[in-house]
Colleague: 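Handing you this structure, nothing more for now.
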Amino acid sequence: MSTLRFHAIKESLAHTSKLVLDNDRRSELFGQNVFNEQTMRQYLTKDAFEGVMNAIWHGKKIERSIADQVASSMKDWALSKGVTHYTHWFQPLTGATAEKHDAFFETSNSGLSIEKFEGSQLVQQEPDASSFPSGGIRNTFEARGYTAWDPTSPAFIYGTTLCIPTIFVAYTGEALDYKTPLLRALHAVDDAATAVCKYFDKNVRKVTSSLGWEQEYFLVDKLLASSRPDIILTGRTLLGHSSAKGQQLDDHYFGSIPSRALNFMRDLENECMLLGIPVKTRHNEVAPNQFELAPIFEEANLAVDHNSLLMDIMGRVASRHHFKVLLHEKPFAGVNGSGKHNNWSLSTDTGVNLLAPGKTPMSNLQFLTFFVNTIKAVHEHEALLRAAVASAGNDHRLGANEAPPAIISVFIGEQLSQVLEELEGVTKGKLSPQEKTELKLNVVGKIPDVLLDNTDRNRTSPFAFTGNKFEFRAVGSTANCGNPMTVLNTIVAKQLIEFKVEVDKLIDKKGLKKDEAIFNVLREYIKSCRAILFEGNGYDEAWRVEAEKRGLSNNKTTPEALKAKVAPSTIKLFEEMKVMSEVESRARYEIEVEAYILHIQIESRVLGDIARNHVVPTAVKYQNILIENVKGLKEIFDKKFVEVSREQLNLIEEISQHIAGINANVTKMIEERKKANTQSDIEKKAHDYCFNVKSIFDDIRYHCDKLELLVDDELWPLTKYRELLFTR
């Protein structure tokens, strides 16, 4: 194994990536392989184009005749670009994307062949759903599932395949993917936000949820990664002593991008441009060999699709540059993990960002309405938001002094906190003329100036207002953004509906004017959601104590956090908002709990294998070398050999202690795993894996990492942190 390590290091040092030049303008590359609006105008008839656009903007059903026209035009466009196959591209609850390729090629009765693609093939397919997670919605032998075309996300060409974004549902109609509930949530927030917008602008017909994700990742030489069984099988290092130099000098963050990594980025960005993914920002992140990629904001459904597609593309492009992309939230101990900040906002079809202040008191009152309602929604459903980002990988990151804590709170900055304090003091009921003037001129009117200079940043806040959007920072780097975006848009939609009911009640029954009614409701909301606002350090123990007093949840582990997904209030919420049925909610809970169990189970098996089959034999081999050395010293020095070989003897004993520690803990871990596997209740099983199996990982790692420092470097079988993190 040590031979493999040094071979990998030698070969990795010789790796160079093909120089990728930015010769073409991004605007010329952008969307070349996408059946977007520009392409549709060129290939579709007027009726077909209007049919698709009505489906995108107004949710109208596409007639069969229109679907046939679209399919024919889509096929002609794809064939003109060398495409041979098509696929319904979907996002099952595995966390990855899925696709089954079919050729356009068909034969006729006369033996002739043609390229064929009809509306029925575009609109719906029946992939085998038996091996996808369903959470008990359907039995394994009931294989039928349906994929249905989502016209709001344009088809695209990847390689020689036409990919058609689709939803994925069981034959009984329940959602088996991330996209279906997201589309329902986006419809809900559109309806609710549009209704509230009409208080301020009667011309608003549609509100769109936008998302800008920030994808963090590590790049590791492919050969070095291949020499580590833990990286290959789990996506992270289960053991390994920290490098003497890590990120403590802060010399990597925003530093000069290494040439190999830069060529990978250029190649990746070119692929993204062709596929219409509007990537804009690239930079070094805090940890060595850690980087970030971020796009221009897009409509949330499209942004989720693009992020899922990106994660797939990254792996393929990385191979061309002899890299392996690590998307795990914590691939290396002792350095920062990776997240995927979700920047979220709402915009109207009239071009207004509802979370950005305007130039008039009315536009600022609109901003305050959506700003405060979002805070209220987070306060009411903070445990559900935490559950939306729960995973085995993200448990390593949340609360690890580098990322947001597991306690969900909202950061808005000192200036906006003062604005809310002034609004909180509004008189109940009708406002005096003086109060109206002060509010509109001194409070609401000054919001643009406040935000202009509001440079407050709080990197420990899981949910922060950053000028014209909210940034949900607790999302993990491997996550499908559809999960947190479904929750966030649903809870905001629910809150906006309740807000409108309360305002209308004050107008109709109390005789208050619209502005007065809005101010009155906002005042009560500010008072009721004070507990969620926090401006300090999320890692302080004092905050944990304070958060508990405020009634905020602190679910540190995934099994604890996920319970919020099947709380009666959550099931009721999703049913009322028509986002998920109780069956769908419970199914997703079971799927995510089962995924957690399997991740820990796999890591446990891999760790036990490496510890016993790689680390212990290497330690014994080195110990035998030391023993032979001591024997030789005894022959030479006779009675004095104990004195001259004291260090070797101590080292032999220390190695024995660590070997014993490894074997004892691996045995204990296996026994706990066996006990956990006997649990028939999935919650109890997850609990046992979390608190009885996973809790032993650190003990095994401790002894392995100590041996790494004791054993001769020439013998050590596993590529070390210094080699993984600093090989450029």
Side-chain angles (χ1 to χ4, degrees), residues 1-6 8-9 224 227-231 234 236-246 248 330-335 396 603-673 692-726:
M1 190 67 183
S2 61
T3 304
L4 175 60
R5 172 192 164 205
F6 287 111
I9 293 170
L224 297 183
S227 70
R228 295 278 310 217
D230 48 359
I231 291 180
T234 72
R236 74 179 183 105
T237 56
L238 297 173
L239 49 82
H241 198 280
S242 297
S243 170
K245 181 181 184 293
Q248 62 267 51
K330 194 71 172 177
F332 301 102
V335 297
H396 293 284
E603 289 187 351
S604 170
R605 289 173 172 169
V606 173
L607 179 57
D609 169 45
I610 295 176
R612 278 189 167 165
N613 297 325
H614 296 269
V615 174
V616 169
T618 302
V620 170
K621 183 185 291 186
Y622 182 56
Q623 195 177 48
N624 287 337
I625 293 173
L626 293 173
I627 290 170
E628 289 300 316
N629 177 261
V630 170
K631 287 180 179 178
L633 290 173
K634 185 175 182 180
E635 288 180 11
I636 296 172
F637 292 100
D638 194 18
K639 295 179 180 179
K640 292 181 61 179
F641 95 94
V642 173
E643 181 182 343
V644 298
S645 62
R646 182 175 290 110
E647 294 302 323
Q648 291 90 325
L649 291 169
N650 289 340
L651 192 52
I652 290 169
E653 183 178 1
E654 192 174 353
I655 289 172
S656 292
Q657 291 171 351
H658 289 304
I659 290 173
I662 290 171
N663 283 324
N665 280 293
V666 170
T667 298
K668 181 182 176 183
M669 179 179 68
I670 292 171
E671 290 304 313
E672 291 295 343
R673 195 169 67 220
N692 299 339
V693 178
K694 182 171 173 280
S695 61
I696 306 172
F697 286 14
D698 287 343
D699 294 330
I700 297 171
R701 179 172 192 152
Y702 169 79
H703 292 291
C704 290
D705 290 357
K706 286 295 183 182
L707 285 174
E708 182 181 330
L709 293 179
L710 298 176
V711 172
D712 182 357
D713 184 65
E714 292 291 323
L715 297 178
W716 194 253
L718 301 169
T719 304
K720 297 187 175 184
Y721 268 35
R722 66 170 183 262
E723 295 148 0
L724 291 166
L725 290 172
F726 290 96

Colleague: Taking salt bridge (charged side-chain N to carboxylate O under 4.0 Å, His left out) as the definition, give me every residue that meets it alongside Arg673, ordered by chain and number, with sequence neighbours left out.
Modeller: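 Residues passing salt bridge (charged side-chain N to carboxylate O under 4.0 Å, His left out) with Arg673: none at all.
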Colleague: Atom CG of Leu724 and atom OG of Ser243: how far apart are they, to the nearest 0.5 Å?
Modeller: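 If I round to the nearest 0.5 Å, the distance is 10.0 Å.
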Colleague: Going by an N to O cut-off under 4.0 Å, is there a salt bridge joining Glu603 and Lys694?
Modeller: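 Result for this pair is no, no salt bridge flagged.
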Colleague: Do Thr719 and Ile231 come within less than 4.5 Å of each other through their side chains, counting heavy atoms only?
Modeller: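 SC-SC contact between Thr719 and Ile231 ruled out.
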Colleague: How far apart are the closest heavy atoms of Lys720 and Trp716, and which atoms are they?
Modeller: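 Shortest heavy-atom separation between Lys720 and Trp716 comes out as CE-CD1, 3.7 Å.
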Colleague: Quick check for you: to the nearest 0.5 Å, what is the distance between His614 atom NE2 and Arg228 atom CZ?
Modeller: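 Interatomic distance, His614 NE2 to Arg228 CZ, rounded to 0.5 Å: 10.5 Å.
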Colleague: Do Pro229 and Leu718 come close enough that some side-chain heavy atom pair is under 4.5 Å?
Modeller: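 Yes - at least one pair of side-chain heavy atoms lies under 4.5 Å apart.
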Colleague: Thinking salt bridges, do Asp713 and Arg5 make one under a 4.0 Å N-O criterion?
Modeller: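 Salt bridge flag = yes for Arg5 with Asp713.
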Colleague: Show which side-chain atoms of residues 655-667 pair as donor or acceptor with protein atoms under 3.5 Å away, not counting sequence neighbours.
Modeller:
from	atom 1	to	atom 2	distance (Å)
Ser656	OG	Gln623	NE2	2.6
Ser656	OG	Ile652	O	3.1
His658	ND1	His703	ND1	3.0
Asn663	OD1	Arg612	NE	3.3
Asn663	ND2	Ile659	O	3.4
Asn665	ND2	Gly661	O	2.7
Thr667	OG1	Arg612	NH2	2.5
Thr667	OG1	Asn663	O	2.9

Colleague: Heavy atoms, side chains only, cut-off 4.5 Å: are Ser242 and Phe332 in contact?
Modeller: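 Side-chain contact under 4.5 Å: no.
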Colleague: Please tell me if the side chains of Leu239 and Ile700 come closer than 4.5 Å, counting only heavy atoms from C-beta onward.
Modeller: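 Counting from C-beta outward, Leu239 and Ile700 never come under 4.5 Å.
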Colleague: Quick check on salt bridge (charged side-chain N to carboxylate O under 4.0 Å, His left out): which of Asp699, Asp698, Asp705 does Arg701 satisfy it with?
Modeller: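 Among Asp699, Asp698, Asp705, the one meeting salt bridge (charged side-chain N to carboxylate O under 4.0 Å, His left out) with Arg701 is Asp705.
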Colleague: Looking only at atom types and distance, does a side-chain atom of Lys330 sit under 3.5 Å from a main-chain N or O of Val335, one as donor and one as acceptor?
Modeller: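 Side chain of Lys330 to backbone of Val335: a pair is present.
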Colleague: Roughly how far, to the nearest 0.5 Å, is the CG atom of Asn629 from the CG atom of Asn624?
Modeller: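 Here the interatomic distance stands at 12.5 Å.
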Colleague: Keeping Tyr622 on the side-chain end and Leu707 on the backbone end, is there a donor-acceptor pair under 3.5 Å?
Modeller: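 No, because the side chain of Tyr622 does not come within donor-acceptor range (under 3.5 Å) of the backbone of Leu707.
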Colleague: With sequence neighbours left out, which residue pairs that include part of residues 640-668 fulfil the salt bridge (Lys or Arg N to Asp or Glu O under 4.0 Å) condition?
Modeller: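 The answer is none; no pair qualifies.
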Colleague: Got a second to check how far Cys704's SG is from Leu709's CG, nearest 0.5 Å?
Modeller: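 Cys704 SG to Leu709 CG: 12.0 Å, rounded to 0.5 Å.
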Colleague: Supply the atom-to-atom distance Leu4 CG to Leu224 CG, rounded to the nearest 0.5 angstrom.
Modeller: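 Here the interatomic distance stands at 10.0 Å.
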Colleague: May I have the step-by-step check of side-chain contact (heavy atoms from CB on, under 4.5 Å) for Ile625 and Leu715, ending in yes or no?
Modeller: CA-CA 11 Å; Ile625 293 173; Leu715 297 178; 3.8 Å; yes
Colleague: Quick one: closest heavy-atom pair of Asn692 and Ile696, and the distance?
Modeller: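 Asn692 and Ile696 have their closest heavy atoms at O-CD1, 3.3 Å.
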Colleague: Can you establish whether the number of heavy atoms outside Phe641 located under 6.0 Å from its atom CZ is more than 12?
Modeller: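 Yes.
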Colleague: How close do Met669 and Val693 get, heavy atom to heavy atom, and via which atoms?
Modeller: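 Residues Met669 and Val693, closest heavy atoms: CG-CG1, 4.0 Å.
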Colleague: When rounded to the nearest 0.5 angstrom, what distance separates CG in Asp230 from CD1 in Ile610?
Modeller: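 With rounding to 0.5 Å, CG (Asp230) is 4.0 Å from CD1 (Ile610).
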